[in-house]
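Quick one: the structure is below, questions incoming.
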Amino acid sequence: GMSEPILTVSLFGRWYAKDAHSASGGIGNLE
Amino acid sequence: LDTFIAAVYEHAVILPEKTETPVSQDNALLLMNKNIDILEKAIKQAAQQGAEIIVTPEDALYGWSFTRETIFPYLEDIPDPRVNWIPCQDPHKFGHTPVQVRLSCLAKDNSIYVLANIGDKKPCKSNDPTCPSNGYYQYNTNVVYDKKGQLVARYHKYHLYSEPQFDVPEKPELVTFNTNFGKFGIFTCFDILFHDPAVKLVKDFRVDTILLPTAWMNVLPLLTAIEFHSAWAMGMRVNLLVANTHHVRLNMTGSGIYAPHSPKAYHYDMDTELGKILFSKVDSHPRSSPDFPAAVNWADYATTIKPFPVQKGTFKGFISRDAFNFTELSASAGDLTVCQKDLCCHLSYEMSRKEENEVYALGAFSGLHGRRGREYWQVCTMLKCRTTDVTTCGQPVETALTRFNVFSLSGTFGTEYVFPEVLLTKIRLSPGKFEVLKDGRLVNKN
């Protein structure tokens, strides 16, 4: 198995076709 | 060349003093030259090690926290590469361009491709309704010089991340250049989260290697630079050379050379204020390599199995502002499913020993991410909660003790763009220790 302790295992999906229209450019989303 | 040596440099930027009034052009150049002095050492070192190309970070010459006015003295007019300009040989051809001349000479004198991030200013006319009031568009720009010092690529960043000093170009630019060690594409930092230009360069333009200068602020548990960038290279099946700026107080660190099957070299340092150069040998044409991973049908396994019983104790938790559905890994081994909307995430796992003072949870999220709700995310994540209180699941945590003998994570994704992330205790990657099966399962090896 994994020899080191695990913090996270993730599947990170991006569904571009469902982005809001404003996703094409503009000021970034600082959070 | 079948392979080449790549270099990336994580640079601790010498920042300007904060000011609300613009400095003189001379003072701006003085600061940029101090940063280039440091980059010069890295470039020379890269050349001595036989590197064909070196990538330096976003904002590496002047930093950040500017207004449109205070950035202006740092900007130069950067021409279209089609003019075939070698600034080092013809320094006055496009006006006063000392930064471009120096970068070009560094590439030429050391016979190495150099990518740098600088600021471009483009005059516009008052009859242009979108022309800014100072008469210039201002762009966050990557430039690439070849071994002769010729400008071969220019890219204006499209997805700005709180950068009021810069303008958004009219359309996303799809910038590539060819070498005898493969076809390259470039974009900048936050661009990597979007389809254009990032995905289009890989899918439609078939580049071999992406160059990514960035000033990336790490955010656990999903968006630490080394974690996300290594996952993007695997998911997109492309080489990715990432140079991050180094600024510990702003959580900026994490550079790497990532191949489709595994990270080749990476650097993460929250302990020192030092820069760092990385080298690795990389396949020029990864698609032709025996290591090239097969295409993955990300939802294949998850949509064909009978879901594991959904536990009664499903609870809501937040990663950043995103509300995930979580379920706790309450036993030391088991099979779990947690769903949100159309996304169901399945996990099979076996811990080598369940630590009493640690809690892990499986989470699912499908929706528009963040406060602005612009990007649609689908995420399956198995993570360590910050404390044993499950309300802390999703909050940042940097260390863990629990080892897993087995894990298998999959999800009913509606998208083909899925990036497999594995992060170990103390923010480390695990090259060669996990793989993605063709049916979409992310599993440990052995």
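Every chain is numbered from 1 and lettered A, B, ... according to where its sequence line falls, protein lines coming before strand lines.
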Closest-packed option against chain A by number of heavy-atom pairs under 4.5 Å, given B:Glu421, B:Glu416, B:Glu355: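 Looking at each of B:Glu421, B:Glu416, B:Glu355 in turn, B:Glu421 comes out on top.
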When you measure from the SG of B:Cys339 to the SG of B:Cys345, is the result less than 2.5 Å?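 No.
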Does either side chain, that of B:Lys384 or that of B:Thr402, offer a donor lying less than 3.5 Å from an acceptor on the other one?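 There is no such pair (donor and acceptor under 3.5 Å, judged by atom type) between the side chains of B:Lys384 and B:Thr402.
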With a 4.5 angstrom heavy-atom cut-off, is it the side chain or the backbone of B:Ile427 that approaches chain A, or both, or neither?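 Both parts, backbone and side chain.
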Need one label for B:Phe365: side chain, backbone, both or neither, based on atoms under 4.5 Å from any heavy atom in chain A.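 No part of B:Phe365 comes within 4.5 Å of chain A.
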Closer than 4.0 angstrom, basic N to acidic O: yes or no for B:Asp204 and B:Lys200?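 Salt bridge flag = no for B:Lys200 with B:Asp204.
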Looking at B:Glu170, I'd like to know if its CD atom is crowded, meaning that more than 12 non-hydrogen atoms belonging to other residues, nucleotides or ligands lie closer than 6.0 Å.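 It does not: B:Glu170 CD has 12 such atoms or fewer within range.
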Sort out for me which of B:Val436, B:Val219, B:Leu383 touches chain A most, counting heavy-atom pairs under 4.5 Å.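 Highest number of pairs under 4.5 Å: B:Leu383.
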At a heavy-atom separation under 4.5 Å, does B:Leu423 approach chain A through its side chain, its backbone, both, or neither?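 Both backbone and side chain of B:Leu423 come within 4.5 Å of chain A.
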Who wins among B:Leu442, B:Leu424, B:Val379 for the most heavy-atom pairs under 4.5 Å with chain A?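 Among B:Leu442, B:Leu424, B:Val379, the one with the most close pairs to chain A is B:Leu424.
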With no hydrogens and no angle check, is any side-chain donor or acceptor of B:Ser366 less than 3.5 Å from a backbone partner on B:Gln340?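 Not at all, since once roles are kept as given, no pair shorter than 3.5 Å links the two residues.
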Between A:Arg14 and B:Tyr417, is NZ or CZ placed under 6.0 angstrom from the six-membered ring centre and within 45° of the ring axis?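 No, A:Arg14 and B:Tyr417 do not form such a contact.
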Using only atom types and a distance under 3.5 Å, with no angle test, would you say the side chain of B:Lys157 pairs donor to acceptor with the backbone of B:Thr188?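 Checking the backbone N and O of B:Thr188 against the side chain of B:Lys157, no donor-acceptor pair under 3.5 Å is found.
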Side chain from CB out, backbone as N, CA, C, O: work out which of these in B:Phe413 comes under 4.5 Å of a heavy atom of chain A, or both, or neither.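 Only the side chain of B:Phe413 comes within 4.5 Å of chain A.
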Flag the one option from B:Pro221, B:Gly414, B:Pro420 with the top tally of heavy-atom pairs under 4.5 Å to chain A.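 Greatest number of close heavy-atom pairs with chain A: B:Gly414.
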Looking at B:Leu347, B:Asp167, B:Leu193, which has the largest count of heavy-atom pairs under 4.5 Å with chain A?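 Sorted descending by pairs with chain A, the first entry is B:Leu193.
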Report which part of B:Glu227 has an atom under 4.5 Å of a heavy atom belonging to chain A: side chain, backbone, both, or neither.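 Side chain only.
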